[in-house]
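Everything below concerns the one structure shown next.
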Amino acid sequence: MPELPEVETVRRGLQTHTVGRTITHTLQLHPRALNPKSNAGLEVLDGAKILSIERRGKFLWFVLDRPFVLSAHLGMSGQFLVDPVDHRHTRAILHLKKGSKKSVIHFNDQRTFGWLSIEETINQMPISVQSIAPDIFESSFDSKNVARVITQRSISIKTAILNQNILSGIGNIYADESLWLAKIHPESRTNELKVSDVERLIKAAQEVMKKALEVGGTSFDELYINVNGESGYFDLSLNAYGQEGKACPRCGTEIRRIKFANRSSHFCPKCQKK
DNA sequence: GGAAATGTTTACCG
DNA sequence: CCGGTAAACATTTC
C-alpha cells in the first residue's frame with residue numbers, strides 16, 4: 001500500500017521516536033515478518049543503538065551502531081506503530097529504552113507482504129536496495145537521464161514509472177495521478193514519447209508526491225496510518241485513482257478504469273490520449 | 001461467491 | 001535479452 005509519501009511519513013515518525021534509543025530486546029510473532037534472505041534473526045538487534053532512519057523509494061532501514069542494518073519493506077499493508085493499543089496483526093516488536101524511558105515499536109502487517117531483514121550495506125545502502133534506482137526526491141536523481149533511458153525502451157509508460165529499477169518511489173496511486181496531471185495515457189509506448197514528455201511526467205510525479213507528503217500521504221482506510229496511528233489526507237485530492245465513473249476534474253469526462261499489467265489503471269479518456 | 005486492494009518476485013510464453 | 005501476462009504470497013472488505 002505505501003508509496004514514497006507514505007513511507008517517508010513513516011520514516012519521519014520513526015526518526016522522531018526511535019533515534020538515540022537502544023533496542024533492549026525483540027519479539028518475532030509471525031514467521032513471515034523476517035525476510036528469508038535476512039542474515040540473522042532479530043535477536044542480533046539486542047543492545048544496538050538506533051542512529052538514524054534512512055529511505056530510498058519504498059525501502060526503509062535503521063542505521064545502528066553495528067556493522068549491519070535493520071531494513072524494512074512495508075509491502076501492501078505494513079505499518080510501524082509507536083506504543084500501540086491495538087495488537088491485531090502485530091508481526092514483530094522492538095522494545096526500546098533511553099535511560100529509564102521505555103517504548104515499543106510494533107511492526108504490523110495484515111497481508112504479510114512486508115518484511116524486516118538484517119543486512120549488510122554496500123556504499124551505505126542495504127543489499128536489498130542495491131538494484132533500486134534513486135527515488136524522485138533524491139539529490140542524485142537525474143531527471144533528464146532517466147527520461148532518456150525510458151524513451152529508449154519500448155514498454156508502456158506506466159510500466160516504466162512503476163519499475164523501481166528505473167526510478168523508485170512511485171506505486172499504483174501516484175502513477176495514475178501523475179499520468180493524469182501530465183495528460184499522458186498509461187499505455188503510451190515509451191519509444192513514441194518525447195524525452196520532454198517523460199520529463200514533464202516526472203515533474204508531475206514530484207509535484208503530486210510533494211503535495212501528498214505535506215498532508216501525510218494517502219489513506220483509504222486503516223491500512224495506511226503513520227506511526228501514531230493517524231491517517232493521511234491525500235485521498236481527498238485524488239483526481240484519477242479510484243475515481244472510475246466520476247467526472248474528470250479538468251474536462252468533466254467520466255474517468256475510466258482498465259486492467260493493465262495485472263493492476264487497475266484510472267485515466268481520463270479525453271485528456272489522456274494514446 | 002467473486003473481485004479487488006497503495007508491492008515484489010518469479011515463471012512462462014512469444 | 002526484451003516485453004507481456006499471470007500467478008504467487010495472505011488477508012480483508014465490498
Side-chain angles (χ1 to χ4, degrees), chain A residues 1-10 29-37 55-60 71-80 86 88-91 107-117 126-133 135 149-179 186-192 205 208-209 212-213 215-226 231-245 257-266:
Chain A
M1 83 204 226
E3 304 179 37
L4 193 154
E6 292 77 37
V7 179
E8 174 61 15
T9 300
V10 170
L29 299 165
H30 192 289
R32 286 170 57 85
L34 193 69
N35 189 316
K37 291 177 184 160
R55 182 189 59 72
R56 165 170 276 192
K58 307 171 194 172
F59 290 73
L60 280 172
S71 57
H73 196 289
L74 301 178
M76 292 283 262
S77 55
Q79 311 176 335
F80 280 108
D86 190 347
R88 277 182 310 167
H89 310 304
T90 294
R91 308 305 187 195
F107 176 61
N108 282 24
D109 193 4
Q110 181 195 99
R111 292 174 68 181
T112 71
F113 292 165
W115 47 258
L116 303 175
S117 186
I127 302 291
S128 61
V129 183
Q130 293 296 314
S131 63
I132 302 300
D135 69 54
V149 166
I150 287 175
T151 59
Q152 284 162 359
R153 304 277 295 264
S154 63
I155 54 182
S156 71
I157 186 62
K158 184 168 173 185
T159 304
I161 60 172
L162 285 175
N163 186 333
Q164 308 295 305
N165 305 130
I166 299 175
L167 75 177
S168 72
I170 300 176
N172 210 31
I173 297 177
Y174 298 106
D176 282 358
E177 290 302 305
S178 305
L179 288 161
E187 289 178 295
S188 300
R189 308 298 305 181
T190 52
N191 54 336
E192 290 168 5
V208 169
M209 287 183 149
L213 181 55
V215 295
T218 302
S219 305
F220 297 122
D221 47 37
E222 293 300 296
L223 274 190
Y224 169 71
I225 49 180
N226 70 14
S231 294
Y233 295 101
F234 197 68
D235 58 310
L236 301 173
S237 308
L238 294 176
N239 293 307
Y241 185 87
Q243 308 301 304
E244 182 184 19
R257 177 168 72 98
I258 55 173
K259 286 292 278 182
F260 173 71
N262 228 9
R263 318 195 59 177
S264 286
S265 286
H266 312 73

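These values consider heavy atoms only, across backbone and side chains, with no hydrogens, waters or symmetry-generated copies. Below, chains carry the letters A, B, ... as their sequence lines are ordered, and counting in each starts from 1. Computed from a predicted model, the values in this text were never measured in an experiment.
Residues Tyr174(A) and Glu6(A) have side chains that bring a donor and an acceptor to within less than 3.5 angstrom of each other. Inspection of the Arg111(A) and Ser77(A) side chains reveals no N or O donor paired with an N or O acceptor under 3.5 Å.
Rounded to whole angstrom, the span from the CG atom of Asn172(A) across to the C1' atom of dA5(B) amounts to 10 Å. When the C1' atom of dG3(C) is taken as reference, atom NZ of Lys158(A) falls 17 Å away, rounded to whole Å. Spacing between atom CD of Glu3(A) and atom C1' of dG7(B) amounts to 9 Å, rounded to whole angstrom units. Atom pair Arg153(A):CZ and dG4(C):C1' shows a separation of 12 Å (rounding to whole Å applied). Protein atom CG of Asp176(A) is 10 Å distant from nucleotide atom P of dA5(B), rounded to whole Å. Between Phe260(A) atom CZ and dA4(B) atom P the separation is 16 Å, expressed in whole Å. Atom CG of Asn35(A) and atom P of dG7(B) are 18 Å apart (whole Å). In this structure, CD1 of Ile155(A) is placed 11 Å from P of dC2(C), rounded to the nearest angstrom.
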> Going 5' to 3' along nucleotides 9-14 of chain B, which nucleotides have protein heavy atoms under 4.0 Å from the base (write B), which only from the sugar-phosphate (write S), and which from neither (write -)?
Replying inline: ------
> What string of B, S and - do you get for nucleotides 8-14 of chain C 5' to 3' if you count protein non-hydrogen atoms under 4.0 Å?
Replying inline: -BBBS--
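Under the rule for a ring-ring contact (aromatic ring centres under 6.0 Å, His included), Phe113(A) has no partner lying at least two apart in sequence or in another chain. The salt bridge (Lys or Arg N to Asp or Glu O under 4.0 Å) search around Asp135(A) returns Arg55(A), not counting sequence neighbours. For Asp176(A), the side chain to side chain donor-acceptor pair (under 3.5 Å) partners two or more places apart in sequence, or in a different chain, are Lys158(A), His266(A). Applying the ring-ring contact (aromatic ring centres under 6.0 Å, His included) criterion to Phe107(A), with sequence neighbours excluded, gives Phe80(A). Taking Glu177(A) as the reference, nothing meets the salt bridge (Lys or Arg N to Asp or Glu O under 4.0 Å) condition, with sequence neighbours excluded. With sequence neighbours excluded, no residue forms a side chain to side chain donor-acceptor pair (under 3.5 Å) with Asn191(A). The salt bridge (Lys or Arg N to Asp or Glu O under 4.0 Å) check on Arg257(A) picks up Glu244(A), with sequence neighbours excluded. With sequence neighbours left out, the side chain to side chain donor-acceptor pair (under 3.5 Å) criterion links Arg153(A) to no other residue. Looking at residues two or more places apart in sequence or on another chain, you find no ring-ring contact (aromatic ring centres under 6.0 Å, His included) involving Phe260(A).
Spacing of P atoms, dA3(B) relative to dA6(C), comes out at 14 Å, to the nearest Å. Nucleotides dA7(C) and dG2(B) place their P atoms 15 Å apart, quoted to the nearest Å. To the nearest whole angstrom, the two P atoms, one in dA10(C) and one in dT10(B), are 16 Å apart.
Residue-level contact check: Tyr174(A) touches neither bases nor backbone, having no heavy atom under 4.0 Å from any strand.
Nearest nucleotide to the Arg257(A) side chain, out of dG7(B), dA4(B), dG4(C): dA4(B).
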> What's the verdict on side-chain contact (heavy atoms from CB on, under 4.5 Å) for Arg91(A) and Asn108(A), showing C-alpha distance, side-chain angles and the deciding distance?
Replying inline: CA-CA 5 Å; Arg91(A) 308 305 187 195; Asn108(A) 282 24; 6.0 Å; no
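The shortest distance between the side-chain N/O atoms of Arg263(A) and the OP1/OP2 oxygens of dG7(B) is below 4.0 Å. At the phosphate of dG3(C), OP1 or OP2 sits under 4.0 Å from a side-chain N or O atom of Ser154(A). Put simply, Lys58(A) has a side-chain N or O that comes within less than 4.0 Å of OP1 or OP2 on dT8(B).
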>> Dot-bracket for DNA chain C, please. Rules: Watson-Crick or G-U, both distances under 3.5 Å, ( ) within the strand, [ ] when a pair crosses earlier ones, | for another strand, . otherwise.
In response: .||||||||.||||
